[in-house]
Amino acid sequence: KAGVTQTPRYLIKTRGQQVTLSCSPISGHRSVSWYQQTPGQGLQFLFEYFSETQRNKGNFPGRFSGRQFSNSRSEMNVSTLELGDSALYLCASSLEASQFFGPGTRLTVL
Amino acid sequence: AQSVTQLGSHVSVSEGALVLLRCNYSSSVPPYLFWYVQYPNQGLQLLLKYTSAATLVKGINGFEAEFKKSETSFHLTKPSAHMSDAAEYFCAVSEGSGGSNYKLTFGKGTLLTVNP
């Protein structure tokens with residue numbers, strides 16, 4: 001089976017812009033979670049989607065949003081980018097108790 | 001609320017030596033526990049997981065971990081380190097069955113260096 005894929009792998013934006021990241025889960029996995037990884041804060045949970053519904057949400061401002069499509073693919077959007085949003089954004093798809101991560105999207109905000 | 005503490009942000013061992021990475025957790029409900037490894041510029045790879053079955057869990061690449069409820073610990077071990085084990089290791093906890101078992105809380109990570 002193919003693993004979790006994330007596009008794009010690298011992204012450079014400027015402050016104030018918005019960005020959309022995409023995640024395709026492993027075939028058959030219906031849950032998709034998003035995490036932000038930074039050197040200062042480590043790995044932090046953003047949100048989780050299951051069958052197109054947000055089930056869990058982390059402690060991030062409303063500028064961070066997401067959605068899931070009927071084929072389980074997911075997107076996350078960050079509006080009005082800030083310098084502090086520079087991070088590795090990781091997507092994970094889940095089967096039972098195990099989460100399998102993609103390679104991440106490296107976002108740099110200038 | 002759940003939390004994870006990884007003791008030692010950096011551990012250095014010699015090739016062939018025992019690897020011991022420490023993880024303590026806090027959870028108000030029976031937890032699920034995980035160890036992940038991250039190589040540079042890559043995502044996280046699941047090494048092993050504890051989901052309330054056997055307390056000694058065996059994972060990939062010769063790693064294993066033991067769940068000790070009385071000590072709220074889930075330390076990761078490998079009998080003999082290999083150069084390819086050099087990476088960053090993350091311990092994580094979720095709320096387990098019936099709870100938010102898709103929300104992982106991670107520790108800060110331990111960078112493992114293996115010296116020849």
Side-chain angles (χ1 to χ4, degrees), chain A residues 2-7 9-10 21 23-26 29-51 53-60 66 68 72 74 87-108, chain B residues 1-6 8-10 23 25 27 29-54 57-60 65 67 74 87-111:
Chain A
V4 178
T5 59
Q6 292 188 245
T7 56
R9 290 293 311 278
Y10 301 91
L21 312 180
C23 171
S24 292
I26 294 170
H29 291 194
R30 296 168 64 190
S31 169
V32 173
S33 301
W34 288 89
Y35 294 83
Q36 181 196 64
Q37 185 176 27
T38 60
Q41 299 299 316
L43 282 151
Q44 294 185 285
F45 173 79
L46 280 156
F47 28 65
E48 183 243 345
Y49 287 86
F50 181 86
S51 294
T53 301
Q54 187 181 87
R55 284 201 305 192
N56 292 292
K57 189 177 188 308
N59 189 26
F60 278 81
Q68 187 180 33
S72 294
S74 177
L88 181 66
Y89 290 88
L90 293 163
C91 165
S93 74
S94 303
L95 184 64
E96 298 175 348
S98 298
Q99 292 195 24
F100 300 91
F101 284 79
T105 294
R106 173 77 60 187
L107 172 65
T108 302
Chain B
Q2 299 176 299
S3 65
V4 173
T5 302
Q6 291 184 240
S9 59
H10 188 191
C23 172
Y25 70 92
S27 179
V29 298
Y32 285 177
L33 292 156
F34 308 83
W35 276 100
Y36 284 88
V37 61
Q38 186 176 36
Y39 297 97
N41 298 314
Q42 294 187 26
L44 302 173
Q45 182 183 11
L46 179 64
L47 282 175
L48 49 79
K49 65 181 181 184
Y50 165 78
T51 56
S52 73
V57 181
K58 295 187 184 298
I60 62 172
F67 172 70
F74 190 58
E88 190 155 25
Y89 292 79
F90 293 92
C91 181
V93 64
S94 72
E95 287 189 358
S97 177
S100 296
N101 56 352
Y102 295 100
K103 176 183 177 181
L104 294 177
T105 300
F106 285 89
K108 293 292 189 184
T110 297
L111 182 64

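Letters go in sequence order (proteins before strands), and every chain restarts at 1. These numbers come from a predicted model, not from an experiment.
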Fill in the blank from the handout: Cut-off 4.5 Å, heavy atoms of chain B, and the answer for A:Q37 is side chain
Practice task
Using non-hydrogen atoms and a 4.5 Å limit, figure out which bit of A:F50 sits close to chain B: side chain, backbone, both or neither.
Solution key: neither
Practice task
Rounded to the nearest 0.5 Å, what's the gap from OH on B:Y36 to CZ on A:F101? Could you check?
Solution key: 5.0 Å
Exercise for the section: Against chain A, label B:L46 side chain, backbone, both or neither, depending on which of its atoms sit under 4.5 Å from a heavy atom there. Expected result: side chain
Exercise for the section: Under 4.5 Å heavy-atom distance to chain A, tell me which part of B:Q38 shows up: side chain, backbone, both or neither. Expected result: side chain
Completion exercise
Interface check, chain B: of A:Q44, A:R9, A:E48, most non-hydrogen pairs under 4.5 Å belong to A:E48
Practice task
Over all heavy atoms of both residues, which pair between B:K108 and A:G40 is shortest? Give the atoms and the distance, please.
Solution key: NZ-O, 3.9 Å
Handout entry: Shortest non-hydrogen contact from A:L88 toward B:Q42
Key = CD2-O, 4.4 Å
Completion exercise
Rounding to 0.5 Å, atoms CZ (A:R106) and CG (B:N41) come to a distance of 6.5 Å
Practice task
Please check if atom NZ in B:K58 has more than 12 non-hydrogen atoms from other residues, nucleotides or ligands closer than 6.0 Å.
Solution key: no
Practice task
Determine whether A:L43 and B:L104 make a side-chain contact, defined as any pair of heavy atoms from C-beta on separated by less than 4.5 Å.
Solution key: no
Handout entry: Interatomic spacing from CZ in A:F47 to NZ in B:K103 - rounded to 0.5 Å
Key = 13.0 Å
Exercise for the section: Check each atom of A:S33 against the heavy atoms of chain B and say whether the ones under 4.5 Å are side chain, backbone, both or neither. Expected result: side chain
